[in-house]
**Student:** 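I have a structure I would like to understand better, so I am pasting it below and will then ask my questions one at a time.
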Amino acid sequence: MLQTEQDRLRDEIQRWGMVYGKERSALIPILQEIQRVHSRISDFAMQVIADMLDIHPVEVYGVVSFYSFLDWKPKGRFVIRLCRTISCDMQGKDRLARQLENDLGITFGETTPDGRFTLEWANCIGMCDQGPALLVNDHVFTRVTPDRIHDILEGCRKVFGVHAAQTLQEQLV
Amino acid sequence: MTTTTNGRGVQTTTTGHLTFGTVKPNSGLQNAIKKSRADIIGEISASGMKGRGGAGFPTGVKWNLAAAAQDEHKYVVCNADEGEPGTFKDRVILSEYADLVFEGMTIAGLAIGATTGIVYLRGEYSYLRPLLEAVLERRRGQNLLGENVLGRDGFTFDITIRMGSGAYVCGEETALIESLEGYRGEPRNRPPFPVDTGYLGHPTIVHNVETLAWGACILSKGAAWFKGIGTDKSTGLKLFSVSGDCERPGVYEFPMGISIAELLREVGGEGAKAVQVGGASGHCVPAKEFARTLAFEDIPTGGSIIVFGPHRDMLAIAHNFLEFFVDESCGQCTPCRAGTVKLLEGVELLRDGDCSMQYLRELCSLSETMQLASKCGLGQSSPNAFLSIVKHFQDEIMGRTDLATAGKE
C-alpha cells in the first residue's frame with residue numbers, strides 16, 4: 001500500500017510515543033526528536049502530537065514557539081548559531097558575523113535557498129574562555145577566526161547527506 | 001593551565017588542579033550508604049554549604065525540607081541549564097567530573113528518599129550527552145545506580161537526562177520544572193516551593209551541578225574540612241568561570257571570600273577597569289571596589305567573572321546585556337517583558353547622546369520597579385548591570401557625541 005509522507009510522520013510520532021510515553025511530560029522530548037529529523041515541526045506534526053497526548057494543538061504550538069531550538073519554519077540541514085554574548089562579543093564575534101553573512105549570502109535569521117544552512121544568533125553557549133565560538137548543529141567550534149569560516153562551511157558541504165551530523169567533526173579535526 | 005579534549009574534539013579548559021580531581025571516586029557515596037538519612041543531611045548542614053548556582057540557599061535546609069515531605073515519589077534534579085553569560089564551570093565539571101555529579105545526586109536521593117534523578121542539560125551542551133550517558137551506563141553496571149545501590153537494601157535510584165531547548169529562563173528552578181513537565185518555561189509563583197510541590201507535584205530538590213559535586217566531596221572528606229575553608233557565612237571552595245580581558249581565562253577554584261583584586265592577580269587581569277560578577281544578571285564592580293569579596297555576605301555569585309580592560313566601552317556592555325534580557329525574557333510578567341525593552345531603548349538613547357538626566361533617572365526608577373515587581377529572578381536581576389554601570393560610570397555614558405566609538409551597531 002502506498003504510504004504518504006503524512007502517514008510516515010504519523011507512524012514516526014507514534015513510535016516516539018512508545019519510547020517517551022504519552023504523558024504531557026513527553027511533549028518536549030518528542031518535539032526535539034521531530035525537530036532533529038525534519039529540521040522543523042509542521043502544523044500537521046503538531047496536530048498528531050496533540051492528538052496522541054490528548055491536549056489541544058495550541059498547547060503544542062505554545063511550546064514550539066517558546067523554545068528557540070524548536071521551530072515551525074523549516075530550518076537548514078546545518079544550523080549555525082553564533083554566540084553574541086559579551087565575552088564572545090569582546091573577542092570579535094562581529095567579524096565572524098560579517099564573514100558568515102558574506103560566505104552564505106544570507107543574514108541572521110535566514111536559511112539558504114538550497115536548505116543547507118540556517119544562520120542564527122545564540123545567547124551564551126558557555127565557551128567564554130575560548131571565544132569567539134559558534135555551534136554547527138551539536139558541534140562547537142572555538143577560537144574561530146574569520147578566515148576559518150570558509151573551511152567550516154566547506155566541511156559541512158562535504159558531508160551534506162543523511163549521516164552528515166555524525167561525521168562533521170571528523171571532517172574538520 | 002591544562003587543555004584537554006573530551007574525546008570528540010571539543011576543547012575544555014581547566015586551570016590548575018581542582019579538588020574534584022583529588023577525591024577518591026565514590027568514597028562519598030560509600031560513606032553515605034553506611035549512614036542514616038538524618039546523618040547524611042546532618043553532615044551537609046554542618047558543612048554550611050550554600051547553593052553554588054548563585055542564589056545561595058543552604059543545601060542542608062533544602063534536603064531537610066524535602067526529606068520531611070511525605071510522598072512516594074520524590075525527585076533530585078540537577079540543573080545543568082548553565083545559561084548565565086560568562087559561566088562555563090558546569091560544562092567543565094560535566095566533561096571531566098561527571099561521576100562526582102552523579103555521585104552527589106545519588107547521595108541526595110538517598111538523603112531525601114528519592115528514587116529518580118533528572119539531569120536537565122541545556123540544548124547548547126548536546127555534545128556532552130553521549131559522554132554522560134556512557135558514564136551513567138557504567139555506573140549502572142557497577143551497582144552505583146539501580147536497585148539496592150552498593151548493597152543498601154531498598155535504596156533504588158536511577159538518573160535520566162533531559163535536554164533543554166534553548167531558553168535561559170529554564171535555569172530558574174520552577175521554569176525548569178515547567179519545562180520538564182512539557183510546558184513553556186515560565187516561572188511559577190512561589191510558594192509552593194519545589195521541595196514540597198515540584199516535578200509533577202511531587203517534592204523535588206533542584207541543585208546546581210557544582211552543588212551536587214561538592215555534596216559528594218563533603219561526604220567523602222567530612223563537613224569539618226569544608227567548613228574550615230572560606231568565611232563564616234560562606235563556607236568552602238567555589239569554582240569561578242573567568243573570561244574577558246585577562247591573560248589566563250578558564251575555570252578556577254578559590255575559597256569563598258577571595259577579594260576581586262586577588263582573583264585578578266591569579267588570572268592575569270590586573271589593570272582592569274571593571275569586573276562583571278555574576279554574569280548579565282550580576283553586578284558590575286568598578287576598580288575602586290576591587291577590595292570587595294566574592295561571598296554571600298558581600299557579592300554573591302554563581303561563579304561568572306568577566307573582566308573588562310581599560311579600553312572597554314561600558315555602555316556597549318550594558319547594551320549587550322540588555323539585548324540578552326530582551327531576547328530571553330519569557331514574557332509572562334509586564335515589568336520584565338516591557339521593562340527590559342525600555343531599558344534597551346534608553347541605552348540606545350545614551351549611545352546616541354540623546355538622553356536627558358531626567359530621563360536617565362526615570363530609567364533608574366523603572367529599574368527599581370522591575371527589581372521589586374518582576375515575578376522571577378530573571379526580571380528582578382535584569383536591571384542590575386544597567387544600574388551599576390549608570391552608578392559607577394555616569395560621566396562615561398552621558399553627553400556622548402562620538403557615534404563611531406559610542407555604539408557598535
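This structure is a prediction, so every number in the text was calculated from the model and none was measured. In what follows, chains carry the letters A, B, and so on, assigned in the order in which the sequence lines appear, proteins first and then strands, with residues in each chain numbered from 1.
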**Student:** Quick one: which of S304(B), S179(B), C246(B) has the most heavy-atom pairs under 4.5 Å with chain A, could you say?
**Tutor:** S179(B)
**Student:** Check each atom of V169(B) against the heavy atoms of chain A and say whether the ones under 4.5 Å are side chain, backbone, both or neither.
**Tutor:** side chain
**Student:** Just to verify, which of V64(A), V63(A), L70(A), L31(A) counts as forming a side-chain contact (heavy atoms from CB on, under 4.5 Å) with S165(B)?
**Tutor:** L70(A)
**Student:** Of all heavy-atom pairs between C170(B) and Y67(A), which one has the smallest distance, and what is that distance?
**Tutor:** SG-CE2, 3.8 Å
**Student:** Could you check N123(A), I125(A), V140(A) and say which one makes a side-chain contact (heavy atoms from CB on, under 4.5 Å) with E124(B)?
**Tutor:** I125(A)
**Student:** Taking R184(B) for the side chain and G62(A) for the main chain, is one N or O donor matched with an acceptor at less than 3.5 Å?
**Tutor:** yes
**Student:** Go through the atoms of L135(A) and report whether side chain, backbone, both or neither lie under 4.5 Å from a heavy atom of chain B.
**Tutor:** side chain
**Student:** Kindly give the heavy-atom pair with the smallest separation between C124(A) and G86(B), and that separation in Å.
**Tutor:** SG-N, 3.5 Å
**Student:** Tell me if the CZ atom of R148(A) is crowded by more than 12 foreign heavy atoms within 6.0 Å.
**Tutor:** yes
**Student:** Which bit of L180(B) is near chain A, if near means a heavy-atom gap under 4.5 Å: side chain, backbone, both or neither?
**Tutor:** backbone
**Student:** Looking only at heavy atoms, what is the nearest atom pair of S68(A) and G166(B), with distance?
**Tutor:** OG-O, 2.6 Å
**Student:** Contact part of Y183(B) toward chain A, heavy-atom cut-off under 4.5 Å: side chain, backbone, both or neither?
**Tutor:** both
**Student:** If I take atom CD from residue E323(B) and atom CZ from residue R84(A), how far apart are they, to the nearest 0.5 angstrom?
**Tutor:** 6.0 Å
**Student:** How long is the span from the CG atom in D89(A) to the CZ atom in F321(B), to the nearest 0.5 Å?
**Tutor:** 9.5 Å
**Student:** Quick one: pull up OH in Y20(A) and CZ in R162(B) and give me the separation to the nearest 0.5 Å.
**Tutor:** 9.0 Å
**Student:** To the nearest 0.5 Å, how far apart are SG in C128(A) and CD1 in I305(B)?
**Tutor:** 12.0 Å
**Student:** What part of Q276(B) is in contact with chain A, defined as an atom under 4.5 angstrom from a non-hydrogen atom: side chain, backbone, both or neither?
**Tutor:** neither
**Student:** Can you measure from CD1 (I86(A)) to CD1 (I317(B)) and round to the nearest 0.5 angstrom?
**Tutor:** 5.0 Å
**Student:** In terms of heavy-atom contacts, does CD of Q14(A) have more than 12 from other residues, nucleotides or ligands at under 6.0 Å?
**Tutor:** yes
**Student:** Provide the closest heavy-atom pair for A167(B) versus F66(A) in the form atom of the first, atom of the second, distance.
**Tutor:** CB-CE2, 4.0 Å
**Student:** Less than 4.0 angstrom from a charged side-chain N to a carboxylate O is my criterion; do R248(B) and D129(A) meet it?
**Tutor:** no
**Student:** Just do the side chain to side chain contact (heavy atoms under 4.5 Å, CB included) check on M90(A) and I306(B) with the steps written out, would you?
**Tutor:** CA-CA 10 Å; M90(A) 296 196 299; I306(B) 306 169; 3.8 Å; yes
**Student:** More than 12 heavy atoms of other residues, nucleotides or ligands under 6.0 Å from CG of D54(A): is that the case?
**Tutor:** no
**Student:** Taking the side chain as every heavy atom from C-beta outward, state whether Q130(A) and F88(B) have any pair of such atoms under 4.5 Å apart.
**Tutor:** no
**Student:** Identify which part of E59(A) has an atom lying under 4.5 Å from any heavy atom of chain B, answering side chain, backbone, both or neither.
**Tutor:** side chain
**Student:** Among Y168(B), Y199(B), F308(B), which has the most heavy-atom pairs under 4.5 Å with chain A?
**Tutor:** F308(B)
**Student:** Rounded to the nearest 0.5 Å, how far does OG of S87(A) lie from CG of D245(B)?
**Tutor:** 9.0 Å
